[in-house]
Amino acid sequence: MSSEQQIEVSQAPHAASYDVRAVQERWRAVWDELNPFEADEADETRERRYALTMFPYPSGDLHMGHGEVFALHDMLARYWRLRGYNVLNPIGWDSFGLPAENAAIKRNENPATYTYANIETQAESIRRYGVSFDWTRRLHTSDPEYYRWTQWLFTRFYERGLAYRKASNVNWCPNDQTVLANEQVVNGVCERCGAVVTKRELTQWYFKITAYAQRLLDDMDALRGSWPDHVLAMQRNWIGRSEGAWVDFAIEGRQEPVRVFTTRPDTVYGATFFVVAPDAPLAAEIVAPEQVEALAAYLEQTNKATEIERQSTEGAKTGVFLGVHATNPLTGEQMPVWAADYVLADYGSGAVMAVPAHDQRDLDFAHTFDLPVRTVVAVPGEDDPAVSGVATTGDGDYVNSPALQGIATKTEGVRHIIDKLVADGRGEAAVTFRLRDWLLSRQRYWGAPIPIVHCGSCGEVSVADEDLPVRLPDLRGTDLAPKGTSPLAAATGWVSTTCPSCGGAARRDTDTMDTFVDSSWYFLRYCSPTYSDGPFDPAAVARWMPAEHYFGGVEHAILHSLYSRFFTKVLHDMGMIDFVEPFTAHTNQGQVINQGRSMSKSLGNGVDLGQQIDDFGVDAVRLTVVFAGPPADDIDWADVSPSGASRFLQRAWRIAHDVTSDVGADPASGDPTLRKITHKTVHDCQELLDSHRFNVVVARVMELVNATRKVIDASAGSGGADPAVREAAETTAILLSMVAPYVAEEMWAVLGHEPTVALATWPAVDSSLLVEDTVICIVQVSGKVRGKLEVASDIDDAALEALALAEPNVQRFIDGRDVRKVIVRAPKLVSVVV
RNA sequence: GCCGGGUUGGCGGAAUCGGUAGACGCGAUGGUCUCAAACACCAUUGUCCGAAAGGAUGUGUGGGUUCGAGUCCCACACCCGGCACCA
């Protein structure tokens, strides 16, 4: 910083308030010049910490949700910086994606135009919001220098067999005209646009995330306690591990037996029919000639049903007999084989053994089609399902089960049957997962092109590293309109290329990648955003990763988090990084709502972040969201008071202006009570911040300001000369800088410090000031508070007991009764039992 | 149905080691200032009894453990979130 730079501060000595706008302008300029928030790549003396927050998608300007997450995240980042850590706090944009493409079609332009204009707007708003980002590391996933490496990673996954193409029945959004991952279909509708999702048989690209299912599950153990419980629970549900067995069923007319998965191999004796998913290849394969037509009709009916109808558990079961029989491997009985849509084609083998007595779905189906029910577990206290119509699943005595005589528990029964199946060569223990492979190809333009070339003679060939990135051709307007195939397919000049392998004519793959691919590794790129020899500099990543804390929305609890965890594990296996989990700790901030409901145009209850800032100032808005409650809780804007926050900040500012002692005045000579409060506040705030209880930190700073005000006002206005008041005011400025950086800078400057409170350090706590000379001791009689005593904090038990028993009101309640016991917890409590 | 989280004044919340329940703030009421209002400042503010001292009661419901429970245990109710024909 040049020495001639002077920071002008509103110096009117007894001004009642400050000009919020002027202050915001002034300090933003100082931060831009000094860049106090840049991570120091070279500094080896300070411990490093990586503070990560989910990068925004550039649709329009920032909204209240951004205001909340940035305020919370920044409080933590600034706290770490104050505590002396070398903090990496980067920002970027998740800038590929459909909204920009849809906007571009309407505006007849390239999506980049809209995207980068929005990014500039948001960047300006974020800077105004005073978030302590390191702007030198800014990245955008739609930049060719970024997606070059997204493509590079794809080719590495491809080489390892983790990216592959297959044909299957996939989710199709008729509105966006693209396929969707399972994760993007919510209650049968497109998560993005709300259109009812249908199924289509298409060949698509997948990432083999299922190969990592067990590790994704196991490694969550290390996250317990530092990730939200519900996020871990959601991921666990999503992965959906289940233990059971593969059981072989011979099917007439088929050479090989069909393996089906069951979690209840102990109920094979109760299997009375066999069900295949109508859309599984197996159904068409085994159907008897005379039933081919019936199956085709049923399949058509099933496919027409929307996902919502199909997934509905209401309503009668449907199905069609396939005209063949399967053999129960334990009873040898012939069981009819049916096709029914309650069996899912892509789970297990797409077929199940039906045990109607002990599975409600099978029982409902059996009732609909009048199929036999055989109870094999007699559960005590429950009616026979064959009679009651309610399937039982509990432990009980096995009946009709020759191999399970005398066994009384499910666990034992399961193990027993698995052993038997293994011995007979008809099955084995098995684990299946609900998790499916990640469908990553999209038939849209504004994403990273899949770096694969299709060659007539060589087949799929990945583009050579030195030819990356495969850049998007410049398409705009109606060229981008959804047609069911990728817009890239229409760019014929772009599509035709030469085969990297044989040099012959070939075609580029015309799909682009799901934007979740882009965001699965951006946190790694931040560590070395301009690195050109790979997606990231391994040394830089080793320095900063894993991120100590990740702030973001709960809407990414499954998708983005799971995918990022998957990428991290793959990169670990590739030897590029030495950790297996990317985010050590994770917090989901709540939503900002208004009047009990989500903000929406139709309800007219929207709250505009920019307007709030114009009305109350950045500091007051940030303080409001932090003070509203715990970070994970929703904030109802109708319940909070930015004007109250603003009032408090003015009070704090006046404290600094009332300080009349000189810089460096020795606080030791100051008011001892205030000093204790100051040091206790710093000490407590440290613990509160370490456990992310940011709202309580604000409350404690408010208490400090209140206490300081009292001292200033006490001695007829001369209290401002007390060095303890200066100490309190400086402490307030530093603590406040985490939440309300602008007013904190004003305070810091008026207190005679420069150049910026952003370079201040956490106040040292004098532990001798944390010890109270006297404390209030409460005295209970029969568990009720009957007296309070002010006693020396080092009083011994005997003396305290004597004092307590002598207290008049305590005496009154003992009232001559026998004192049976006295519990003394000196110096805070005496409990008298009568 | 399964999984996860929760239920504390008029409101947001605090009490995170089992030890004064209601910190801090909002709102409300009264007051000072003002011709008046706004702002600001001061005081009061869980409920009930009481002039006060003080007492009773009180953290979703019912039980339990303990000298002592918002906090621990058991059962239940309700609310929020996620998943849901995954065999």
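Below, chains carry the letters A, B, ... as their sequence lines are ordered, and counting in each starts from 1.
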Pick out the pairs of N or O atoms, protein on one side and nucleotides 19-24 of chain B on the other, that lie under 3.5 Å.
{"unit_1": "B:G19", "atom_1": "O6", "unit_2": "A:R825", "atom_2": "NE", "d": "3.4"}
{"unit_1": "B:G19", "atom_1": "N2", "unit_2": "A:Q780", "atom_2": "OE1", "d": "2.8"}
{"unit_1": "B:U20", "atom_1": "O2", "unit_2": "A:K788", "atom_2": "NZ", "d": "2.9"}
{"unit_1": "B:A23", "atom_1": "O2'", "unit_2": "A:E703", "atom_2": "OE1", "d": "3.3"}

Run the salt bridge (charged side-chain N to carboxylate O under 4.0 Å, His left out) check on A:K680 and A:D684 step by step: do they pass? CA-CA 6 Å; A:K680 182 92 166 66; A:D684 291 356; 2.9 Å; yes
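With sequence neighbours excluded, the residues forming a side-chain hydrogen bond (donor to acceptor under 3.5 Å, both in side chains) with A:D615 are A:Q611, listed by chain and number. Residues that satisfy the ring-ring contact (aromatic ring centres under 6.0 Å, His included) test with A:F273, not counting sequence neighbours, are A:F365. Contacts of A:Y212 classified as ring-ring contact (aromatic ring centres under 6.0 Å, His included), with partners at least two apart in sequence or in another chain: A:F566. A:R415 is linked by a side-chain hydrogen bond (donor to acceptor under 3.5 Å, both in side chains) to nothing, counting only residues two or more places apart in sequence or in another chain. Residues forming a side-chain hydrogen bond (donor to acceptor under 3.5 Å, both in side chains) with A:W246 (at least two apart in sequence, or on another chain): none.
The partner of B:C78 is B:G6, by the rule that a Watson-Crick or G-U pair needs both atom distances under 3.5 Å.
Annotation: B:G58 and B:U20 have their C1' atoms spaced 15 Å apart (nearest Å). Look at the C1' atom in both B:A14 and B:A21: the space between them is 10 Å, to the nearest Å. Taking atom P on both B:G50 and B:U32, the two are 29 Å apart, rounded to the nearest angstrom. For the C1' atoms, the distance from B:G63 to B:C11 is 32 Å, rounded to whole Å. Only the C1' atoms considered, B:U59 is 14 Å distant from B:G6, to the nearest whole Å. Going from the C1' atom of B:A69 to that of B:A15 covers 13 Å, rounded to whole Å.
For B:A15, one of the phosphate oxygens OP1 or OP2 lies less than 4.0 angstrom from a side-chain nitrogen or oxygen of A:R693. Applying the 4.0 Å criterion to OP1 and OP2 of B:A87, one finds that A:Y342 has every side-chain N and O outside that range. Between A:K784 and B:C67, a side-chain N or O to OP1/OP2 separation shorter than 4.0 Å is absent. Contact annotation: A:S242 side-chain N/O to B:A87 OP1/OP2 distance is under 4.0 Å.
In this structure, A:N237 reaches the bases: a heavy-atom distance under 4.0 Å links it to at least one base atom across the strands shown. Contacts of A:N809 with the nucleic acid, taken as non-hydrogen atoms under 4.0 Å apart, involve only primed sugar atoms and P, OP1 or OP2.
Taking the side chain of A:H230 as heavy atoms from C-beta on, and the options B:C85, B:G4, B:A56, the nearest nucleotide is B:G4. Of all nucleotides listed (B:A87, B:C11, B:A40), B:C11 comes nearest to the side chain of A:D639. Looking at the side chain of A:R434, the nearest of the listed nucleotides B:A87, B:C83, B:C3 is B:C83. When distances are taken from the side chain of A:R786 to each of B:G27, B:A56, B:A87, the shortest belongs to B:A56. Among B:C83, B:G13, B:A15, the nucleotide with an atom closest to any side-chain atom of A:P630 is B:G13. Each of B:G54, B:A40, B:A87 was ranked by its minimum atom distance to the side chain of A:R812; first place goes to B:G54.
Using the six-membered ring where Trp is involved, A:W338 and A:F369 have ring planes that are tilted, between 30° and 60° apart.
For the side chain to side chain donor-acceptor pair (under 3.5 Å) with A:R264, the lone residue among A:D266, A:T262, A:T267 that qualifies is A:D266.
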